[in-house]
Participant: 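Sharing a structure with you now.
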Amino acid sequence: MDSHDWLDTECAALEQAGLRRHLRTVMSAPTGTINLDGRDVVLLGSNNYLGLSTHPQVIATAVEATRTFGTGASGSRLISGNSELYTTLETNLAKTKHTEAALVFSSGYAANTSVIPVLTGEDDLILSDALNHASIIDGCRLSRATKKVYRHCDVEHLKILLSESTAFRRRLIVTDGVFSMDGDIAPLRDIYEVATHYNAMLLVDDAHGFGVLGKDGSGTVAHFGLEGTDIIRMGTLSKAVGALGGYIAGSRALIELIINKARGFIFTTGLPPATLAAANAALNVIRSSPELRQRLSSHARCLKTALTNLGYTLLPSKTQILPVVLGHPQQATSVADALLAEGVFAPAIRPPAVPPDTSRLRLTVMATHTEAEIQQAIAGFATVFPKTR
Ligand SMILES: *Cc1c(COP(=O)(O)O)cnc(C)c1O
């Protein structure tokens with residue numbers, strides 16, 4: 001009896017349930033068409049929404065930063081890893097997010113799992129949307145606060161939970177701005193009103209709204225005209241920004257406390273210089289390129305209309321994230337496999353990333369897709385549809 005036999009048993013159980021995951025190998029940059037495991041396919045599964053990870057100016061800036069500062073940060077930010085590239089990026093971020101200050105983490109995952117435990121502890125209450133991202137859920141766990149989950153985007157339910165829970169020291173409402181797997185937008189105006197009424201803090205994870213929504217791509221908070229508020233803005237530099245990293249934007253006092261207490265900030269090495277420079281250059285492109293956002297939303301509308309006309313059922317998303325819900329995990333993977341055979345990479349998303357029985361294809365478009373690539377994708381969906389019945 002081998003003490004590691006359970007590993008194979010667990011993988012076999014996942015396989016049986018249609019939940020086993022496999023890595024694919026991407027052999028090119030994340031543009032509209034990629035080389036996947038040696039084959040060219042149209043990419044409908046990238047978060048590089050504006051194509052900035054391959055923007056020539058962004059790349060040139062990153063290369064230059066590597067020449068000047070080297071490949072790694074060489075230390076945690078509180079020791080020797082805090083290069084001036086951080087200062088430039090954080091100043092730019094605060095300006096973009098209309099806040100006093102901003103702080104960059106190594107990833108969005110690290111930002112959520114370290115900041116939520118700074119904002120709340122054992123004596124506090126977190127109110128979390130049912131479809132919040134896994135990094136928020138893990139942040140709640142690490143905080144040791146009491147957590148109550150409100151029904152997805154249900155402000156009335158949120159109100160009831162708040163009115164029932166007045167004995168806590170502090171209360172924090174946390175929500176995705178744009179929901180990562182559904183593509184819908186949180187009703188932030190109403191949520192903010194409720195937060196203010198009940199004197200609760202509000203944290204918005206804008207991983208998928210940043211760069212895309214609002215004036216100048218500033219994100220979901222700006223989309224609702226709430227720039228001047230004390231909403232705590234969290235987001236990533238890994239999606240529309242095309243680099244890597246997470247951020248928190250808010251008051252200077254908030255950022256000071258996070259620098260002093262957030263474990264995922266303190267106990268990890270800083271980001272590589274190339275990443276910081278790329279993110280900063282990308283922020284400048286985002287501000288000055290409304291045409292990228294227009295192309296993105298026009299591609300999303302085009303794909304959504306075409307798939308609906310073909311008979312596919314899409315969730316009512318108003319963003320670049322277009323979920324085609326298929327139900328059972330095996331149904332989602334078999335449609336994804338069929339599409340891949342037609343040269344379309346539309347990733348299947350299964351539990352625990354989405355609730356049971358809502359396995360889906362999560363389609364995303366990019367501003368840099370060509371019309372021909374969108375049409376090629378639609379043709380793939382047209383061929384595959386009959387086989388899914
Ligand atoms: C991707 C994502 C994160 C994590 O960000 P990374 O930078 O990839 O670690 C956090 N929240 C949401 C909503 C996300 O979609």
Side-chain angles (χ1 to χ4, degrees), residues 1-26 34 36-39 41 43-47 107-109 112-113 128-142 147-153 176 178-184 205 207-208 238-239 307 310-317 321-364 377 380-381 383-389:
M1 182 73 186
D2 184 323
S3 70
H4 287 185
D5 281 351
W6 67 274
L7 299 171
D8 288 336
T9 313
E10 287 225 353
C11 277
L14 287 172
E15 184 80 50
Q16 195 67 31
L19 296 176
R20 182 147 183 193
R21 284 146 160 88
H22 296 281
L23 286 169
R24 295 184 188 81
T25 307
V26 178
I34 57 166
L36 191 68
D37 294 319
R39 270 183 69 226
V41 293
L43 174 60
L44 291 185
S46 172
N47 296 326
S107 70
Y109 185 89
N112 275 334
T113 52
S128 178
D129 186 286
L131 295 187
N132 275 346
H133 189 262
S135 56
I136 294 177
I137 296 170
D138 293 356
C140 294
R141 286 177 181 154
L142 284 168
K147 183 175 95 168
K148 292 188 182 178
V149 175
Y150 61 91
R151 288 189 293 272
H152 179 51
C153 290
D176 281 17
V178 172
F179 285 85
S180 54
M181 296 300 142
D182 286 42
D184 54 343
D205 175 342
H208 300 278
S238 54
K239 280 139 192 180
L307 297 192
L310 284 172
Y312 287 91
T313 308
L314 277 78
L315 291 182
S317 149
I321 301 168
L322 303 171
V324 181
V325 175
L326 293 160
H328 195 277
Q330 259 127 5
Q331 176 73 352
T333 41
S334 82
V335 177
D337 288 348
L339 282 164
L340 200 54
E342 296 300 321
V344 180
F345 178 37
I349 308 289
R350 298 163 285 168
V354 292
D357 302 318
T358 68
S359 287
R360 66 194 66 182
L361 305 177
R362 175 186 181 269
L363 313 180
T364 54
F381 275 90
T383 310
V384 163
F385 188 70
K387 293 182 213 154
T388 71
R389 291 204 154 155

Participant: I need the Asp2 CG to Asp5 CG distance, nearest 0.5 Å.
Facilitator: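 Going from the CG atom of Asp2 to the CG atom of Asp5 covers 4.5 Å.
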Participant: Rounded to the nearest 0.5 Å, what's the gap from NE2 on His328 to OG1 on Thr358? Could you check?
Facilitator: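 Going from NE2 on His328 over to OG1 on Thr358, the span is 12.0 Å.
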Participant: Quick check: closest heavy atoms across Ala130 and Val149, and the distance to 0.1 Å?
Facilitator: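 Taking every non-hydrogen atom into account, CA-CG1, 3.4 Å.
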Participant: For residues His208 and Phe179, determine if any side-chain heavy atom of one lies less than 4.5 Å from a side-chain heavy atom of the other.
Facilitator: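 No - every pair of side-chain heavy atoms lies 4.5 Å or more apart.
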Participant: Please report the closest heavy-atom contact between Leu326 and Ala332, naming both atoms and the distance.
Facilitator: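 For Leu326 and Ala332, the tightest heavy-atom pair comes out as CD1-CA, 3.8 Å.
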Participant: Report the C-alpha separation of Leu44 and Val344 in whole Å, then their side-chain angles, then the decisive distance to 0.1 Å, and conclude whether the side-chain contact (heavy atoms from CB on, under 4.5 Å) test is met.
Facilitator: CA-CA 7 Å; Leu44 291 185; Val344 180; 3.8 Å; yes
Participant: Between Arg350 and Asp357, is there a salt bridge with N-O shorter than 4.0 Å?
Facilitator: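 Judged by the 4.0 Å cut-off on N to carboxylate O distance, Asp357 and Arg350 do not form a salt bridge.
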Participant: Please report the closest heavy-atom contact between Lys147 and Cys140, naming both atoms and the distance.
Facilitator: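 Heavy atoms only, the tightest pair is CD-CB, 3.7 Å.
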Participant: Side chains of Ser238 and Asn47: does their closest heavy-atom pair fall under 4.5 Å?
Facilitator: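 Of all side-chain heavy-atom pairs linking Asn47 with Ser238, none is under 4.5 Å.
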Participant: How many angstroms lie between atom CZ of Arg39 and atom CD1 of Ile34, to the nearest 0.5 angstrom?
Facilitator: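 With rounding to 0.5 Å, CZ (Arg39) is 11.0 Å from CD1 (Ile34).
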Participant: If we count only N and O atoms by modelled type, under 3.5 Å, do the side chains of Asp176 and His133 hold a donor and an acceptor together?
Facilitator: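 No - no donor-acceptor pair under 3.5 Å links their side chains.
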Participant: How many angstroms lie between CD1 in Ile349 and CE in Met181, if you round to the nearest 0.5 Å?
Facilitator: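 Answer rounded to 0.5 Å: 5.0 Å.
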Participant: Using side-chain contact (heavy atoms from CB on, under 4.5 Å), reason through Cys11 and Arg20 one step at a time and then give a plain yes or no.
Facilitator: CA-CA 7 Å; Cys11 277; Arg20 182 147 183 193; 3.9 Å; yes
Participant: Indicate yes or no: at least one non-hydrogen side-chain atom of Leu314 is less than 4.5 angstrom from one of Leu307.
Facilitator: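 Yes. Closest side-chain heavy atoms under 4.5 Å.
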Participant: Tyr312 pairs by side chain to side chain contact (heavy atoms under 4.5 Å, CB included) with which of Leu361, Leu322, Val384?
Facilitator: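 That would be Val384; it is the only one of Leu361, Leu322, Val384 passing the side chain to side chain contact (heavy atoms under 4.5 Å, CB included) with Tyr312.
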Participant: State the CZ-CG distance between Phe381 and Leu310, to the nearest 0.5 angstrom.
Facilitator: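 It is 9.0 Å, given to the nearest 0.5 Å.
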Participant: Which heavy atom of Pro329 sits nearest a heavy atom of Ser359, and at what distance?
Facilitator: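 Scanning both residues, the minimum pair turns out to be CA-OG, 3.3 Å.
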Participant: Give me the atom names and distance for the closest heavy-atom approach of Asp138 to Tyr109.
Facilitator: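 Taking Asp138 first and Tyr109 second, the nearest heavy atoms are OD2-OH, 2.6 Å.
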Participant: For residues Ile321 and Asp182, determine if any side-chain heavy atom of one lies less than 4.5 Å from a side-chain heavy atom of the other.
Facilitator: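 Heavy-atom side-chain distance check fails, nothing below 4.5 Å.
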Participant: Provide the closest heavy-atom pair for Tyr150 versus Asp129 in the form atom of the first, atom of the second, distance.
Facilitator: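 Where Tyr150 meets Asp129 most closely, the heavy atoms are CE2-N, 3.4 Å.
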Participant: Begin with the C-alpha distance, continue with both residues' side-chain angles, and end with the deciding distance and a verdict on side-chain hydrogen bond (donor to acceptor under 3.5 Å, both in side chains) for Asn132 and Asp205.
Facilitator: CA-CA 9 Å; Asn132 275 346; Asp205 175 342; over 6 Å; no
Participant: Go through the steps to decide whether Thr364 and Arg362 satisfy the test side-chain hydrogen bond (donor to acceptor under 3.5 Å, both in side chains), and finish with yes or no.
Facilitator: CA-CA 7 Å; Thr364 54; Arg362 175 186 181 269; 4.6 Å; no
Participant: If we only count heavy atoms from C-beta on, is the Val41 to Leu340 side-chain gap below 4.5 Å?
Facilitator: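 Sidechains of Leu340 and Val41: in contact.
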Participant: When rounded to the nearest 0.5 angstrom, what distance separates SG in Cys153 from CG in Leu131?
Facilitator: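 Between Cys153 SG and Leu131 CG, I get 7.5 Å after rounding to 0.5 Å.
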